[in-house]
Colleague: 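One structure, as structure tokens, below. Some questions next.
Keep in mind the model is a prediction, meaning the values are calculated, not measured.
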Amino acid sequence: MQKPLILVTNDDGITAPGIRNLVNFMNEIGEVVVVAPNSPQSGKGHAITIDSTLTFEEINLEGPQKDYSLSGTPVDCVKFALNKILTRKPDLVVSGINHGANSSINVIYSGTMSAAVEAGVEGLQAIGFSLLDFSWDADFSQAKEYIQDIVRKVLENPLPPGIVLNVNIPKLPKEEIKGIKVCRQAKAKWEENFDERINPHGKKYYWLTGYFNNMDSGDDADETALEAGFISIVPVKFDLTAHEHLQQLREILE
């Protein structure tokens, strides 16, 4: 029986510990092809490269998978993989494991999740994984069994058309993770500030700073689940239409 073909990508770059752990986890489930950025692409959202050329190369990294490094964004990686590298349609696209959270509003900015969403646009099963630990030395092994279990269940029980999964994992030892909760996206946002400084030539420059403001304490919100020690799974769709307001707006505007 043919193994499932799994495409792996991320936004932290092809050599990041998060993706190397995810590749190892997926090698135990299927045939793995990696197409990932050759440098960090965090916060790029759904950006694509249109003002410059792309280059790629196959690189030799430990494991039975094939690894390809691309000079583009996470969404570029999915598009390029489907058009230029893969010889058959992948059974699943997994993105991550991201170094840091992509819960709540972060899904909008996330290159990790945008790669998964792009796969969904193409009609593919897709999951984005993130660990709530920004450290380069984060221990991703604590989540291995959960990640593999989620992947196997999605392969066995395909997601509804147009839906991808946003999975966030708390920074906890395996024995302290309380389980999995399917959630909605919490109402939260970044309260931002641009820190103004002066360079040695007297010219102003700015650093984006701020803090995360969670305004949602609902039991069914992803931030609530994560704070309680659960893995949160939010089903995400790329159709941004506010269907519930269509009729009201038709009555006003047509």
Colleague: Go through the side-chain N and O atoms of Asp137 and Ser135 and say whether any donor and acceptor fall under 3.5 Å apart.
Modeller: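 The answer is no; no qualifying pair exists.
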Colleague: Could you verify whether a donor N or O on one side chain and an acceptor N or O on the other, from Ser141 and Asp139, lie under 3.5 Å apart?
Modeller: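 Indeed, the side chains of Ser141 and Asp139 share at least one donor-acceptor pair under 3.5 Å.
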Colleague: For the residue pair Tyr211 / Glu191, report whether a side-chain donor-acceptor contact shorter than 3.5 Å exists.
Modeller: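 The criterion, which ignores hydrogens and geometry beyond distance, is not satisfied for Tyr211 and Glu191.
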Colleague: Given the rule that I, L, V, M, F, W and Y join up when any side-chain heavy atoms are under 4.5 Å apart, are Val182 and Val234 in one cluster?
Modeller: no
Colleague: Between Phe25 and Val8, is there a side-chain heavy-atom distance shorter than 4.5 Å?
Modeller: no
Colleague: Between Glu176 and Gly229 (side chain of the first, backbone of the second, donor and acceptor by atom type, cut-off under 3.5 Å), is there such a pair?
Modeller: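 Pair absent, no side-chain N/O of Glu176 close to backbone of Gly229.
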Colleague: Run the side-chain contact (heavy atoms from CB on, under 4.5 Å) test on Lys204 and Ile198 for me, step by step, so that the C-alpha distance in whole Å, both residues' side-chain angles and the decisive distance to 0.1 Å come before the verdict.
Modeller: CA-CA 5 Å; Lys204 293 179 181 179; Ile198 306 293; 3.4 Å; yes
Colleague: Counting only N and O atoms by type, is there a donor-acceptor contact under 3.5 Å from the side chain of Asn214 to the main-chain atoms of Ala188?
Modeller: no
Colleague: Taking the side chain as every heavy atom from C-beta outward, state whether Arg20 and Ile14 have any pair of such atoms under 4.5 Å apart.
Modeller: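 In short, these two side chains touch, coming nearer than 4.5 Å.
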Colleague: So do the side chains of Val94 and Phe129 get within less than 4.5 Å of each other, counting heavy atoms only?
Modeller: yes
Colleague: Locate the shortest heavy-atom distance separating Asn38 from Ser69; write the atom from each residue and the value.
Modeller: CB-OG, 2.9 Å
Colleague: Check whether any side-chain heavy atom of Pro170 lies under 4.5 Å from a side-chain heavy atom of Ile231, and answer yes or no.
Modeller: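 Heavy-atom side-chain distance check passes, below 4.5 Å.
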Colleague: Is it the case that the side chain of Lys44 and the backbone of Pro74 share a donor-acceptor pair, with hydrogens and angles ignored and the cut-off at 3.5 Å?
Modeller: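 No; zero donor-acceptor contacts below 3.5 Å.
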Colleague: Side chains of Thr55 and Ser71: is there a donor and an acceptor less than 3.5 Å apart?
Modeller: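 Yes, because at least one side-chain N or O of Thr55 sits under 3.5 Å from a partner of the opposite role on Ser71.
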Colleague: Does a side-chain N-to-carboxylate-O contact under 4.0 Å join Glu31 and Lys3?
Modeller: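 Looking at Lys3 together with Glu31, the answer is no, because their closest N to O distance does not fall below 4.0 Å.
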Colleague: What's the spacing between Lys79 NZ and Thr49 OG1 if we round to 0.5 Å?
Modeller: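 Between Lys79 NZ and Thr49 OG1, I get 11.0 Å after rounding to 0.5 Å.
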Colleague: With a 4.5 Å heavy-atom cut-off, do Leu208 and Glu192 have their side chains touching?
Modeller: yes
Colleague: Cut-off 3.5 Å, side chains only: do Asn168 and Asn166 have a donor facing an acceptor?
Modeller: yes
Colleague: Using side-chain heavy atoms (C-beta onward) and a distance below 4.5 Å, is Arg197 in contact with Lys203?
Modeller: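 Side-chain contact under 4.5 Å: no.
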Colleague: Under 6.0 Å between the ring centres of Phe238 and His46?
Modeller: no
Colleague: So Val78 and Val35, side-chain contact (heavy atoms from CB on, under 4.5 Å) or not? Walk me through it.
Modeller: CA-CA 7 Å; Val78 174; Val35 183; over 6 Å; no
Colleague: Give, for atom CG of Asp11 and atom OH of Tyr109, the distance between the pair rounded to the nearest 0.5 Å.
Modeller: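 The distance works out to 15.0 Å.
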Colleague: Where is the tightest heavy-atom contact between Ile105 and Phe212, given as atom of each residue plus distance?
Modeller: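 Closest heavy-atom pair between Ile105 and Phe212: CG2-CE1, 4.0 Å.
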Colleague: Could you check whether atom CG of Asp219 has more than 12 heavy atoms from other residues, nucleotides or ligands sitting under 6.0 Å from it?
Modeller: no
Colleague: So, for Ser103 and Glu223, which heavy atoms are closest and what is the spacing to 0.1 Å?
Modeller: OG-OE2, 2.5 Å
Colleague: When hydrophobic residues are tied together by side-chain contacts of less than 4.5 Å, even through go-betweens, does Ile108 share a cluster with Val236?
Modeller: yes
Colleague: Mark yes or no for whether Asp12, through its side chain, and His99, through its backbone, hold a donor-acceptor pair below 3.5 Å.
Modeller: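 Yes; at least one donor-acceptor contact below 3.5 Å.
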Colleague: Is the number of heavy atoms from other residues, nucleotides or ligands under 6.0 Å of Gln247 CD greater than 12?
Modeller: yes
Colleague: Check for a donor-acceptor pair, side chain of Asp149 on one end and backbone N or O of Tyr146 on the other, with a separation under 3.5 Å.
Modeller: no
Colleague: Grouping I, L, V, M, F, W and Y whenever their side-chain heavy atoms are under 4.5 Å apart, do Leu86 and Val93 come out in a common cluster?
Modeller: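 Linked, Leu86 and Val93 end up in one cluster.
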Colleague: Atom CZ in Phe230, atom NZ in Lys178: separation rounded to 0.5 Å?
Modeller: 6.0 Å
Colleague: Could you grab the distance from atom CD1 of Ile127 to atom CE of Met113, nearest 0.5 Å is fine?
Modeller: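 Output value for this atom pair is 10.0 Å.
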Colleague: Say whether Ile150 and Ile29 are linked into one hydrophobic cluster, either directly or through other cluster members, by side-chain heavy-atom distances under 4.5 angstrom.
Modeller: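 Yes, one cluster joins them.
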Colleague: With no hydrogens and no angle check, do the side chains of Gln41 and Thr73 hold a donor and an acceptor under 3.5 Å apart?
Modeller: no
Colleague: Should the heavy atoms of other residues, nucleotides or ligands under 6.0 Å from CD of Glu122 be counted, would the total exceed 12?
Modeller: yes
Colleague: Can you confirm whether Ile233 sits close enough to Ile180 that some side-chain heavy atom of one is under 4.5 Å from a side-chain heavy atom of the other?
Modeller: yes
Colleague: Can you check side-chain contact (heavy atoms from CB on, under 4.5 Å) on Tyr68 and Val33, steps first, answer last?
Modeller: CA-CA 8 Å; Tyr68 298 91; Val33 176; 4.0 Å; yes
Colleague: Between Val154 and Gln125, what is the shortest heavy-atom contact and its length?
Modeller: CG1-OE1, 3.6 Å
Colleague: Inspect the contact between Asp216 and Lys189 and indicate whether a charged nitrogen and a carboxylate oxygen are less than 4.0 angstrom apart.
Modeller: no
Colleague: If you apply the rule side-chain hydrogen bond (donor to acceptor under 3.5 Å, both in side chains), what do you find for Asn106 with Ser104, and how did you get there?
Modeller: CA-CA 5 Å; Asn106 294 300; Ser104 185; 5.8 Å; no
Colleague: What pair of heavy atoms forms the shortest contact from Leu92 to Ala126, and how long is it?
Modeller: CD1-N, 3.9 Å
Colleague: For Pro4, does its backbone N or O pair with a side-chain atom of Asp91 as donor and acceptor, under 3.5 Å?
Modeller: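 No: the side chain of Asp91 does not pair with the backbone of Pro4.
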Colleague: So with a 6.0 Å cut-off around CH2 of Trp136, is the heavy-atom count from everything else above 12?
Modeller: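 Result for CH2/Trp136: enclosed.
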Colleague: Decide whether Leu159 and Val167 are clustered together by the hydrophobic rule: side chain heavy atoms of Ile, Leu, Val, Met, Phe, Trp, Tyr closer than 4.5 Å, transitively.
Modeller: yes
Colleague: With a 4.5 Å cut-off on side-chain heavy atoms, are Val107 and Gln185 touching?
Modeller: yes
Colleague: Would you compute the distance between atom CD1 of Ile163 and atom NZ of Lys237 and round it to the nearest 0.5 angstrom?
Modeller: 6.5 Å
Colleague: Would Asn98 and Thr112 count as a side-chain hydrogen bond (donor to acceptor under 3.5 Å, both in side chains) if you check the C-alpha gap in whole Å, the side-chain angles of each, and the deciding distance to 0.1 Å?
Modeller: CA-CA 7 Å; Asn98 190 64; Thr112 298; 3.1 Å; yes
Colleague: Indicate whether any N or O donor in one side chain lies under 3.5 Å from an N or O acceptor in the other, for Asp222 and Ser232.
Modeller: no
Colleague: So which atom in Thr224 and which in Ser217 form the shortest heavy-atom distance, rounded to 0.1 Å?
Modeller: OG1-C, 3.7 Å
Colleague: If the condition is ring-ring contact (aromatic ring centres under 6.0 Å, His included), which residues does Phe80 pass it with, not counting sequence neighbours?
Modeller: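 Phe80 satisfies ring-ring contact (aromatic ring centres under 6.0 Å, His included) with Phe56 once adjacent residues are dropped.
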Colleague: I'd like to know whether Ile97 forms a side-chain contact (heavy atoms from CB on, under 4.5 Å) with Ile19, so could you lay out the CA-CA distance, the side-chain angles of the two residues, the decisive distance to 0.1 Å, and finally the verdict.
Modeller: CA-CA 5 Å; Ile97 304 166; Ile19 194 173; over 6 Å; no
Colleague: Within a 6.0 Å radius of atom CG on Leu253, are there more than 12 heavy atoms belonging to other residues, nucleotides or ligands?
Modeller: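 Above 12, so yes.
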Colleague: Is the backbone N or O of Ile147 less than 3.5 Å from a side-chain atom of Arg152, with the two atoms forming a donor-acceptor pair by type?
Modeller: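 Judged by distance alone, no pair lies under 3.5 Å.
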Colleague: Hey, could you give me the CG/CH2 distance between Asp195 and Trp207, rounded to the nearest 0.5 Å?
Modeller: 10.0 Å
Colleague: With a cut-off of 6.0 Å (strictly less than), are more than 12 heavy atoms of other residues, nucleotides or ligands near CG of Asn60?
Modeller: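 12 or below, so no.
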Colleague: Would you kindly say whether Ser130 and Asn102 are connected by a side-chain donor-acceptor distance under 3.5 Å?
Modeller: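 Present: a donor and an acceptor within the cut-off.
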Colleague: So, the side chain of Gln65 versus the backbone of Glu62: is there a donor-acceptor pair under 3.5 Å, distance only?
Modeller: yes
